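Just so we're clear, the structure is a prediction, and the values are computed from it rather than from any experiment. By convention in this document, chain letters (A, B, ...) are assigned in the order of the sequence lines, proteins followed by strands, and residues within each chain are numbered from 1.
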2 protein chains.
Amino acid sequence: MPSTIRDVAKIAEVSVATVSRVLNRSATVKEGTRQRVLKAIEECGFTYNAIARSLSTRKSVTIGVIVPAITNPVFAQSTKGIQDFANSCGYSIILGNSDYSSKMEDQLVEVFKEKRVEGIVLTCSDIRHEYIQRLKHSKLPFVLLYNIPFDKELNLVTIDNYKAAYEIVEHLIHLGHRRIGMIAGYFNMSDRSLVRSQGFKACLNEHGISFQQRDLIETDLTFEGGKRAMKTLLEVTPPLTGIFCSNDFIGMGAIKTIREKGLRIPGDISIAGFDDIEMASYFYPELTTIHQPAYQMGVKGAELLFKILSGEVEGPRQIILDHSLIVRNSCGPVNQLKQ
Amino acid sequence: MPSTIRDVAKIAEVSVATVSRVLNRSATVKEGTRQRVLKAIEECGFTYNAIARSLSTRKSVTIGVIVPAITNPVFAQSTKGIQDFANSCGYSIILGNSDYSSKMEDQLVEVFKEKRVEGIVLTCSDIRHEYIQRLKHSKLPFVLLYNIPFDKELNLVTIDNYKAAYEIVEHLIHLGHRRIGMIAGYFNMSDRSLVRSQGFKACLNEHGISFQQRDLIETDLTFEGGKRAMKTLLEVTPPLTGIFCSNDFIGMGAIKTIREKGLRIPGDISIAGFDDIEMASYFYPELTTIHQPAYQMGVKGAELLFKILSGEVEGPRQIILDHSLIVRNSCGPVNQLKQ
DNA sequence: GTGTGATATGTAACCGGTTACTGAAAACGG
DNA sequence: CCGTTTTCAGTAACCGGTTACATATCACAC
């Protein structure tokens, strides 16, 4: 039913090759012929079949994108960045949500391979998973986003999570806090969370504060996760005065719990987040957090992927974008009376 | 370089048809032969080429999804719903962001047609756009999400925006408010915003409150848009005591402005939102808003599309999901002293 | 031993584009 | 005006699967 270039060729009384040439502007076609072809295309309502083209050219003009959760604004932003860049290159994106499951990531990669995506931009739970090694040894180019560069041979765009965590915890220490806890994402779901906790511990350590295991809780990277974890941390005695959270969602969830208990922020307890989602500056109290350039992360990731595809870049590239400490007012000086 | 079923066939010493049959379990193949083929596939690292299959079967096993902005959690949720449903049917999704531009929507549809998606789930700025008519007359099945059913012949999943707006404005009126303003999304970017404003006006009218044009401002459906618009509405005299916002983002932006002016919510002014994004219940003050089942919207939309694809459903279906008024504490009784 | 139907497999055309190769026509130079 | 080069267009093979149709094999009944 949908017409093909052979139909067009027949109507315009030219060969299929000529139609193809008009379609691709790939070679010179006499203006008169071109017009005839264009008219024929119009006439029979021809719609180009990108699948046939892909089979023939071995280019799908599509890249795959895997994110843990598109509902997290950080990943929504970077996906938007990838998309904008890809679209500007004439590419489409196939999207997959992994729900922070490496098994799902692996499955999505397999589907993407079958669909012959030309490359993948993915944020995975941990780059040390075995399937990443397999992917590395296949010739399918891919770029990791947000992940920890445990392997220098992988293409990756990220920030320095360790340093960022260190800095924001140090901010709490400078404010006088000594009893600091952390609510982290489950380590097996996010290598970022693991490394942020390492930055957290290192900072405590280097400031002569001993770390207690019960002051660190792993949870879901969601409002609900933060809310739940905070309930547990509130039981700690002597009470913690500052909490570093693995992301802003957790931070906001924690704040909700604290408010429900009738405590004040930052008067009784300071909360630090991570990501600087747009919400963070509209929240009350405005969230002190680490800004990471999410949209840029997507753009840079896509850009790197396309450079690899075009051969402009060869070896592994690891791009570390700048983060910054955003001081707002969810963290304040420790309450000396309570100390 | 990547091997094909012909390579596999050669190694296993069978015909390509047999390999294809093993791959698709489409016909009985003797167990011994099957094993030989499977071994050969393993041996030469064969990866199925979905593109070739698509060309041959005329099924891309892919659907297109168009959203105005994936960074809006409402659309992120519904996209997740679509994705989950599609994946469970073995389908992938191609994603497109339109940035609320109908021109972009149209372009994305064209790309999707070329890529031979089997159907589209889209949220468009206004279903009365000309390209929707064109789409309707092409044989590509599609389902609209969130849009207003101006055209009964279109497949669509939505809520009753008019009624929902009416209800929440009535809630404000019941709280004693008489001077109520609205911050709406630009009407040309969102038919929802237009209809919500109609519900708003109708409610005022039926409660004997005369509507003033200057009390309604159109803006971007973002924090920033709400923040900006609220600055203008704060100039209105006598001051408004309640504001209905087209979505929660706008509501939160408006609250930010109000807080910056040193006014109290809901003491001085009540703010009502729309959407009930997860954030709304973590926000301070917790947002009174209209809940709409975003994830479900995606699931239902995808479900409807697949039913159409399978022929299980024929004529146009319009599914109106339930919304609900969520009363929290960003709206309170009007301050009688100020009245 | 032969006929019959079921089962297993092979052959080759087809999906709808691209493109290498070839030939015809036009342009150009002397 | 003729040979050479350039421009324009056509033929057909190819991309990697699917599948209609044909054929071969086998079991079984009589």
| query | Counting any heavy atom closer than 4.0 Å, what does Ser54(A) reach on the DNA or RNA strands: base, sugar-phosphate only, or nothing? | reply | nothing
Under-4.0 Å salt bridge between [X] and [Y]:
X         : Y         : result
Glu13(B)  : Arg36(B)  : no
Asp191(A) : Arg128(A) : no
Glu42(A)  : Lys39(A)  : no
Arg58(B)  : Glu118(B) : no

| said: Whether the side chain of Ser92(A) engages the backbone of Thr62(A) through a donor-acceptor N/O pair (distance < 3.5 Å, no angle test) should be reported. | reply: no
| message | Need two values: the first and the last nucleotide of DNA chain C, 5' to 3', having an atom under 4.0 Å from any heavy-atom of chain B. | response | dA8(C) to dG16(C)
| said: Using a strict heavy-atom distance below 4.0 Å, which residues from residues 17-25 of chain A are in contact with DNA chain D? | reply: Ala17(A), Thr18(A), Arg21(A)
| Which residue pairs pass the side chain to side chain donor-acceptor pair (under 3.5 Å) test when at least one of the two sits in residues 294-308 of chain B, sequence neighbours left out? | Asp84(B)-Tyr295(B)
| message | Need the bend value for the helix from dG1(C)-dC30(D) to dG30(C)-dC1(D): angle between end axes, 5 pairs each end, nearest 10°. | response | 40°
| remark: Applied to residues 61-105 of chain B, the ring-ring contact (aromatic ring centres under 6.0 Å, His included) test, sequence neighbours excluded, yields Phe75(B)-Tyr146(B), Phe85(B)-Phe306(B), Tyr91(B)-Phe306(B)
| request: Using the side chain to side chain contact (heavy atoms under 4.5 Å, CB included) rule, take Leu321(B) and Val157(B) through it: C-alpha gap first, then chi angles, then the decisive distance, then the call. | output: CA-CA 7 Å; Leu321(B) 301 180; Val157(B) 184; 4.0 Å; yes
| said: Can you confirm whether the side chains of Ser125(B) and Glu105(B) place a donor and an acceptor under 3.5 Å from each other? | reply: yes
| query | Residues in salt bridge (charged side-chain N to carboxylate O under 4.0 Å, His left out) with Arg21(A), at least two apart? | reply | none
| remark: Residue pair Arg116(B)/Thr28(B) against DNA chain C: nearer the 5' end by closest nucleotide is Thr28(B)
